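This report refers to the structure that appears directly beneath it.
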Amino acid sequence: MTQPANNSPLDFFWFIPTHGDGTYLGSERQQRPPEFAYFREVAQAVDRLGFPGVLLPTGQACEDSWITAAGLAAHTERLKFLVALRPGVTSPVFAARQTAALDRLSNGRLLLNVVVGGNPTELAGDGVFLPHDERYAQAAEFLKIWRQLVSGETVNFDGKHYRVENGRLDLLPAQERPPLYFGGSSDAGQDLAAEQVDMYLTWGEPVAQVAEKIERARKKAALNGRKLRFGIRLHFIVRETEDEAWAAADRLISKITDEQIEIAQARFLKEMDSVGQRRMAELHGGRRDKLVVSPNLWAGVGLVRGGAGTSLVGSPENIAARIREYQAIGIDTIIGSGYPHLEEAYRVAELLFPQLGLGTKRSAPREVIANEFSVGFHGAKRLQASS
Ligand SMILES: Cc1cc2nc3c(=O)[nH]c(=O)nc-3n(C[C@H](O)[C@H](O)[C@H](O)COP(=O)(O)O)c2cc1C
């Protein structure tokens, strides 16, 4: 990036918790079930707060990302929807037709996250039985077909995994081609990124590890004459002070038992063949006393949650400084989240966005004249005047 890091453009996305939400990890207390009405609350809040987009995850425990995004598009104005393209699980032609429909319905607000999958047990339940690298070979064919179709071409394809004769879309997407996002840390994953995707995503590893990873991806892309953009997926626990933030982090995992951690870590190691997941798990090794893995970067969520397992924890000033470090190595997109997602979206927007020059520029209220019913601005003006 040529601009100074703190002025570099930054897209700060949020997350729709389509598998449910809650105040504590590992506890039934204060949980929120996955309900469309709640997703709508989160989507409308983040749309108004100035987040440009949301990620909708995919998996056995998630509400379907396409159908949920279609529903949410009708209740939001600017928000973009990052939904999952699933090679192997859906057909590339069917996915291309869905792409056109959802992009048209949302007036060009569709982004695609290519999810090849890292859990062979879950994939078997979806009817996918290919080993890790072969899944990526299938994904490469899938994306070639999908890309040609959404670009308006007629497709004749005879590959190892797919065969299509005279495939075409009569109705094209609103965008020229909805952008492809993708996260996979293996060599095969990086090869796919280098050849076909626009935005390479990583879960939140320490800056040095992310730098090394994206440098490898950048070099592979250059060999194909291509340039990638880079994004990072992180949870956030932002509070007015460092102490408050770390207390909130401790509270979030305060109800997790050692047995839950053991079961979750064993499952991630036994069931999953994802390199990205292994890199996440290695950050803390399942130990509660090894959770601060670099300044302000905390691995507590990963004790029991697969996938994104790290959070930036701290004051707005310190978290903004950490974000600038990621920007300095080439990250231009953040996909954030936090428990619960509605409240934490407000905290990020109200505490962190001003540090980063982000968010909706709402018109400032005119000076409020205190009267018998109101001291104006929750009393702030009167307090200032008298102090
Ligand atoms: C930002 C990001 C989001 C992801 N979202 C999902 C998801 O919603 N569902 C899923 O099953 N895997 C998801 N993944 C996992 C990857 O799609 C990939 O299948 C997995 O990491 C295995 O790839 P690897 O061995 O190349 O790391 C995500 C990964 C990243 C980095």
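Counting convention: from 1, in listed order, for ligands and their atoms alike. Everything numeric here is computed off the predicted structure, so don't read it as measured data.
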Completion exercise
atom 14 (N) of ligand 1 has as its nearest protein heavy atom Trp203 CZ2, 3.8 Å
Problem - Side-chain H-bond candidate by donor/acceptor type, Glu134 with His161, under 3.5 Å - result: yes
Completion exercise
From the list Thr90, Val114, Val93, side-chain contact (heavy atoms from CB on, under 4.5 Å) partner of Phe142 resolves to Thr90
Fill in the blank from the handout: Within the 4.0 Å heavy-atom cut-off, what Glu122 brings close to ligand 1 is neither
Completion exercise
Between Val293 and Lys290, the two heavy atoms sitting closest are CG1-O, 3.8 Å
Fill in the blank from the handout: Ranking Ser186, Gly189, Pro57, Ser65 by closest non-hydrogen atom to atom 26 (O) of ligand 1, top hit is Ser186
Practice task
Look at atom CD of Glu343 and say whether more than 12 heavy atoms of other residues, nucleotides or ligands are closer to it than 6.0 Å.
Solution key: yes
Exercise for the section: Just need the protein heavy atom nearest to atom 17 (O) of ligand 1, so name the residue and atom and give the distance. Expected result: Gly183 O, 3.4 Å
Problem - Between Asn224 and Glu195: side-chain donor-acceptor atoms closer than 3.5 Å - result: no
Practice task
Could you tell me whether Thr58 and ligand 1 have an N or O pair separated by under 3.5 Å?
Solution key: yes
Handout entry: Ion pair check, Arg347 and Glu240, cut-off under 4.0 Å
Key = no
Problem - Test item, Asn113 contacting ligand 1 (heavy atom, 4.0 angstrom) - result: yes
Exercise for the section: Report yes or no: do Arg109 and Thr76 form a side-chain donor-acceptor pair below 3.5 Å? Expected result: yes
Fill in the blank from the handout: Quick note on ligand 1: atoms under 4.0 Å from a heavy atom of Gly184 include exactly 23 (O), 24 (P), 26 (O), 27 (O)
Handout entry: atom 13 (C) of ligand 1 - nearest protein heavy atom and its distance
Key = Val115 CG1, 3.9 Å
Problem - Ring centroid separation Tyr38 to His341 under 6.0 Å - result: no
Fill in the blank from the handout: Scanning both residues in full, the closest heavy-atom pair of Gly330 with Arg218 reads CA-NH2, 4.1 Å
Exercise for the section: Return a yes/no value for Arg86: is any of its N or O atoms, backbone included, closer than 3.5 angstrom to an N or O of ligand 1? Expected result: no
Practice task
Assess His132 for proximity to ligand 1: is some non-hydrogen atom of it under 4.0 Å away?
Solution key: yes
Fill in the blank from the handout: Closest to atom 21 (O) of ligand 1 among protein heavy atoms sits Ser274 OG, 3.2 Å
Exercise for the section: Looking only at distances, please establish whether an N/O atom of ligand 1 is found under 3.5 Å from an N/O atom of Leu201. Expected result: no
Problem - Nearest candidate to atom 19 (O) of ligand 1, where distance is taken over non-hydrogen atoms, out of Gly59, Cys62, Gly117 - result: Gly117
Problem - From Arg233, Gln60, His19 - option closest to atom 1 (C) of ligand 1 by heavy atom - result: Arg233
Practice task
Determine, for Phe15 and Arg233, whether the Lys NZ or Arg CZ falls below 6.0 Å from the six-membered ring centre while staying within 45 degrees of the axis.
Solution key: yes
Completion exercise
The answer for which part of Tyr136 has a heavy atom under 4.0 Å from ligand 1 is side chain
Completion exercise
If we number the atoms of ligand 1 from 1 as shown, the ones under 4.0 Å from a heavy atom of Val275 are 24 (P), 25 (O), 27 (O)
